[in-house]
Chemist: 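Before we start, here is the structure in question, set down as structure tokens.
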Amino acid sequence: MKYFLLLFFIITSGFTFAQEQSKAKSGKNSDLTSKVNVFLGSSGDHGQLSPAASYPFSMLSIGPQTYPNLHAGYEHSARQFLGFTHNRFEGVGCMGSGGNLMIKPYLGNDPGKGELIKVKEQASPGYYSVGFENKVTAEMTVYKNQGMHRYHMPQGKKGFAIDLGYAFNGAFVAEEHQLGNNTITGMIASKTTCGAGVYRIYYLVEFSKPVKFQSTGDHKFNAVPAAADTELEIKVSFSSTNIDYAKRTLSKLSFDQLREESKQGWNSHLNRIIVKGDKEREKLFYSLLYRTIQSPYQISETDGTYKAIDGSTQKTEGIKYNGWAIWDNYRTQLPLLSIAYPERYQDIAGSIANLYTYGKKDYATKFEPSPTVRTEHAVVVVLDAIRKGYKINTGQIIDSLIKEVDHLDYGAPDKALESSYDAWALSEILSIMGKKEDADKYRQKALEYKNYWNKDFKDITKSDVDRMQARKLYQGTIWQYRWFVPFDVKGLTELIGGEKTYVEQLDYFFKNDLYNHANEPDLQVPLMYNTTPQAWKSQKLMHNYAVDTVVQYYFNDNSRGIDPFVDRIYKNTDKAYIRTMDDDAGAMSAWFVLTAAGISPACIGWPVYYLNVPLFETVTFNWENGKSLNIKVQNFSDKNLYIKEVSLNGKKLDRNWITQKEIMDGGTLEITATDKPQENKNAWISDINRKAVQ
């Protein structure tokens, strides 16, 4: 028997060792949270981000509220703290969104007399801590829609000032609350981003020790501990549905247990993409990947109950999400989620389509279940999801899609091009549904872009073509918007005067630094050489904007500065990005992540990605179904910017693009790099008359 046990021990030990060796080799299941800098982009107007304790796709994030503050309530250089709030929409404009349920610890009897002055601070995914001059230390952790505060405070009188009427940018609308034994339950209503609509959150706050509540004014009160304890914890849970669900969500775990659950959850999400290369670049990569999975927010409960955007209570078999910035991130973040987190993306895409069932608007409704921003181009995202194999019930929403497209705005040059894109997407959806006559109608509507383009964008000799907001453009110039015909670059090339003139004008655009990476309107333009034999120029541009020093004259405050930005755009510092450049709910972070992996969407609505040399020697996508895609770079060097050869699973590809299916089928994608430009012989170009992807 002992020999059998010995043999069993040897076999199982060997199996365990082999498993660990395999994990170590792939990098999967390693602690990647240690590579994330949650302070990236949290100072000045350089991303509008915060180090709040958060969890992937959770509407609850507990973080510091400083003075002065930025869009997300925090300034890294600030020393004075106002307290801690429980939600924020990271990296969005219009002075941000969220900042509800303010809690401030204080010493003595009067919360107004003592200031919280920061002396030390640290944070990691799911965790935040800060120490103050008055010897108070505060820690926060978040796991899903539940979280905890933990405070260490000196002996003596103390308390917590609670402000239920606080919100970023004065966005508070209303609140209802009920005080219990050491608990507060209630609802807070606030305006969404840009004040366009109203969201409601339901919450439960529970103190770990007995407290007495003292009213101090409208929506404000103090919670005073009954005993002179030096350590106190506060549990918080959120629901978008009602208070009962918030109560059910409240954690029974200890602070340290909750923090560990959060860490494991973050590691699970970060391990979805494993990169190997320069160590500092790895840290930048994971800091930006971290930013791409903050939103949208899961709003449905474990039993499928959720609040729709018309305020009604609904039920779903899957998961429902809310918190959209689609005009910003449909170009990058949503495509990244469709690749990296396909099991989530089915429900994310379904949630976007579901907006049409309950009265979707371009901005928010009066009954949002979470902070949100905008949803323009949702019809393009629906088409994109269908073409990528995600299941969307278009029959249920097609009338709403048609109604939306029929009422699109063509009143300004940029609006005309953007509306044409949506009309094209609708025509493609109708074609997929077999509605040929309707599809032809909206294809013709989309083709009208040519009239608008010839009128406003063809002539680039006019004096206003490089002026921000000329001719009522939104956050861009004629030069930047003239390229925005992603669905028909073939037709655009013909309008410009043919491929030769098309390339010459692209050359002029980049040589004269007319491109604006501080915002999204021309974000796809560096990829547009890929439609020509000179794809190598796109490969160089993608590398340059990701990791090299570049010149940028345009800023997100609608200015063309005389003092240019000359630096790397993506830096792993608190003053990251170009000045005034918002992360826009993961849009700009996702651009870097995709570029680092060597794949970027060719046209949202087609499941095609252009290739560039990745920023790492290996990039591996690992999926829940056991499949993986291992991207390897031969001759890797920052000097070797160009693609010499590509092979997929040992078979040579004679093209500089790859499909969603090829990515998701997994295997090995090998890219051989060189320092010499290579001619592109098999370009993929969007064409309004295209019927399928090869």
Side-chain angles (χ1 to χ4, degrees), residues 59 87 89 92-98 167-169 171 173-174 189-201 240-241 295-297 299-300 306-314 316 320-331 333-334 348-385 392-394 396-412 414-423 425-426 429 442 472 474-475 520 584-585 587 604:
M59 73 177 83
N87 59 346
F89 205 163
V92 297
C94 292
M95 299 307 293
S97 182
F168 295 159
N169 200 29
V173 173
S190 289
K191 296 176 184 177
T192 64
T193 318
C194 305
V198 176
Y199 66 86
R200 290 162 182 80
I201 55 171
S240 67
T241 307
S295 62
Y297 310 120
I299 58 166
S300 56
Y306 72 98
K307 280 286 181 70
I309 60 171
D310 64 351
S312 63
T313 301
Q314 302 294 333
T316 181
K320 281 290 180 283
Y321 293 85
N322 197 59
W324 308 111
I326 298 176
W327 184 87
D328 303 289
N329 61 24
Y330 83 99
R331 301 160 167 87
Q333 190 241 12
L334 292 177
I348 290 172
S351 297
I352 292 172
N354 192 54
L355 295 173
Y356 288 96
T357 305
Y358 298 102
K360 172 191 171 297
K361 294 184 177 181
D362 282 350
Y363 277 77
T365 70
K366 295 180 180 180
F367 302 98
E368 294 290 333
S370 75
T372 192
V373 188
R374 53 198 304 184
T375 60
E376 297 103 320
H377 298 311
V379 62
V380 178
V381 177
V382 170
L383 170 63
D384 193 62
I392 303 293
N393 187 350
T394 52
Q396 188 176 13
I397 63 171
I398 191 62
D399 289 344
S400 296
L401 292 173
I402 290 172
K403 182 179 179 181
E404 179 178 76
V405 171
D406 282 346
H407 289 85
L408 289 172
D409 182 4
Y410 290 79
D414 56 327
K415 292 289 188 182
L417 296 186
E418 296 210 46
S419 296
S420 297
Y421 192 10
D422 284 6
L426 175 60
I429 293 171
Y442 287 99
K472 299 181 180 180
Y474 178 71
Q475 296 184 345
E520 288 84 11
D584 282 329
I604 311 304

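Along the sequence shown, residues carry numbers from 1. The structure presented is a predicted model; accordingly, all values stated were derived computationally and were not measured.
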Chemist: Indicate the atoms forming the closest heavy-atom contact of Asp584 with Gly93, along with that distance.
Modeler: OD1-N, 4.4 Å

Chemist: For Ser351 versus Trp324, what's the shortest heavy-atom pair and its separation?
Modeler: CB-CZ2, 3.9 Å

Chemist: Measure across Ile392 and Ala385 and return the closest heavy-atom pair with its distance rounded to 0.1 Å.
Modeler: CG1-CB, 4.3 Å

Chemist: In this structure, which one of Tyr410, Trp327, Tyr474 forms a side chain to side chain donor-acceptor pair (under 3.5 Å) with Glu418?
Modeler: Trp327

Chemist: Quick one: pull up CG in Asp384 and CD1 in Ile429 and give me the separation to the nearest 0.5 Å.
Modeler: 10.0 Å

Chemist: Calculate, to the nearest 0.5 Å, the distance between atoms CG and CG belonging to Leu426 and Leu383 respectively.
Modeler: 9.5 Å

Chemist: In Å, rounded to the nearest 0.5 Å, how long is the span from CD1 of Ile352 to CG of Asn322?
Modeler: 10.0 Å

Chemist: Under the 3.5 angstrom rule, does the side chain of Asn393 hit a backbone N or O of Gln396 as a donor-acceptor pair?
Modeler: yes

Chemist: Using a 3.5 Å distance criterion without hydrogens, assess whether the side chain of Asp310 forms a donor-acceptor pair with backbone atoms of Tyr358.
Modeler: no

Chemist: Step by step, would you call Asn87 with Phe168 a side chain to side chain contact (heavy atoms under 4.5 Å, CB included)?
Modeler: CA-CA 10 Å; Asn87 59 346; Phe168 295 159; over 6 Å; no

Chemist: How long is the straight-line distance from SG of Cys194 back to CG of Asn169, given to the nearest 0.5 Å?
Modeler: 9.0 Å

Chemist: Determine the minimum heavy-atom distance between Thr241 and Ile299, stating which atoms define it.
Modeler: OG1-O, 4.1 Å

Chemist: Tyr199: what forms a ring pair (Phe, Tyr, Trp, His ring centres under 6.0 Å) with it, not counting sequence neighbours?
Modeler: none

Chemist: Which word best sums up how the rings of Tyr330 and His377 line up, parallel for under 30°, tilted for 30 to 60°, or perpendicular for over 60°?
Modeler: tilted

Chemist: What is the distance from atom CD1 of Ile309 to atom OG1 of Thr372, rounded to the nearest 0.5 Å?
Modeler: 9.0 Å

Chemist: Sub-3.5 Å donor-acceptor pair from the side chain of Thr192 to the main-chain atoms of Val373, do we have one?
Modeler: no

Chemist: Do Glu404 side-chain atoms and Leu401 backbone N/O form a donor-acceptor pair below 3.5 Å?
Modeler: no

Chemist: Just do the side chain to side chain contact (heavy atoms under 4.5 Å, CB included) check on Leu355 and Ile397 with the steps written out, would you?
Modeler: CA-CA 9 Å; Leu355 295 173; Ile397 63 171; over 6 Å; no

Chemist: Between the side chain of Asn329 and the main-chain N/O of Ala585, is any donor-acceptor distance below 3.5 Å?
Modeler: yes

Chemist: Between the main-chain N or O of Lys415 and the side-chain N or O of Ser419, is there a donor-acceptor pair closer than 3.5 Å?
Modeler: yes

Chemist: Are Phe89 and Tyr297 close enough that their ring centres sit under 6.0 Å apart?
Modeler: yes

Chemist: Would you find more than 12 non-hydrogen atoms of other residues, nucleotides or ligands less than 6.0 Å from Lys191 atom NZ?
Modeler: no

Chemist: So, Tyr321 and Asn354: side-chain donor and acceptor under 3.5 Å apart, yes or no?
Modeler: no

Chemist: Over all heavy atoms of both residues, which pair between Lys366 and Arg200 is shortest? Give the atoms and the distance, please.
Modeler: O-NH1, 2.8 Å

Chemist: Does Thr357 offer a backbone N or O that forms a donor-acceptor pair with the side chain of Ser400 under 3.5 Å?
Modeler: no

Chemist: So, Thr375 side chain and Lys361 main chain: donor-acceptor pair closer than 3.5 Å or not?
Modeler: yes

Chemist: Determine, for Glu520 against Arg331, whether the closest basic-nitrogen to carboxylate-oxygen distance falls under 4.0 angstrom.
Modeler: no

Chemist: Would you say the side-chain atoms of Gln333 pair up with the backbone N or O of Asp328, donor to acceptor, closer than 3.5 Å?
Modeler: no

Chemist: Atom OG of Ser240 and atom NZ of Lys320: how far apart are they, to the nearest 0.5 Å?
Modeler: 12.0 Å

Chemist: Which atom pair, heavy atoms only, marks the closest approach of Ser97 to Val92?
Modeler: N-CG2, 4.5 Å

Chemist: If you measure only the distance, is there a donor-acceptor pair under 3.5 Å linking the side chains of Gln314 and Thr316?
Modeler: no

Chemist: Just do the side chain to side chain contact (heavy atoms under 4.5 Å, CB included) check on Thr313 and Lys307 with the steps written out, would you?
Modeler: CA-CA 5 Å; Thr313 301; Lys307 280 286 181 70; 3.0 Å; yes

Chemist: Might you work through the side chain to side chain contact (heavy atoms under 4.5 Å, CB included) test for Thr365 and Glu368, ending with a clear yes or no?
Modeler: CA-CA 6 Å; Thr365 70; Glu368 294 290 333; 3.2 Å; yes

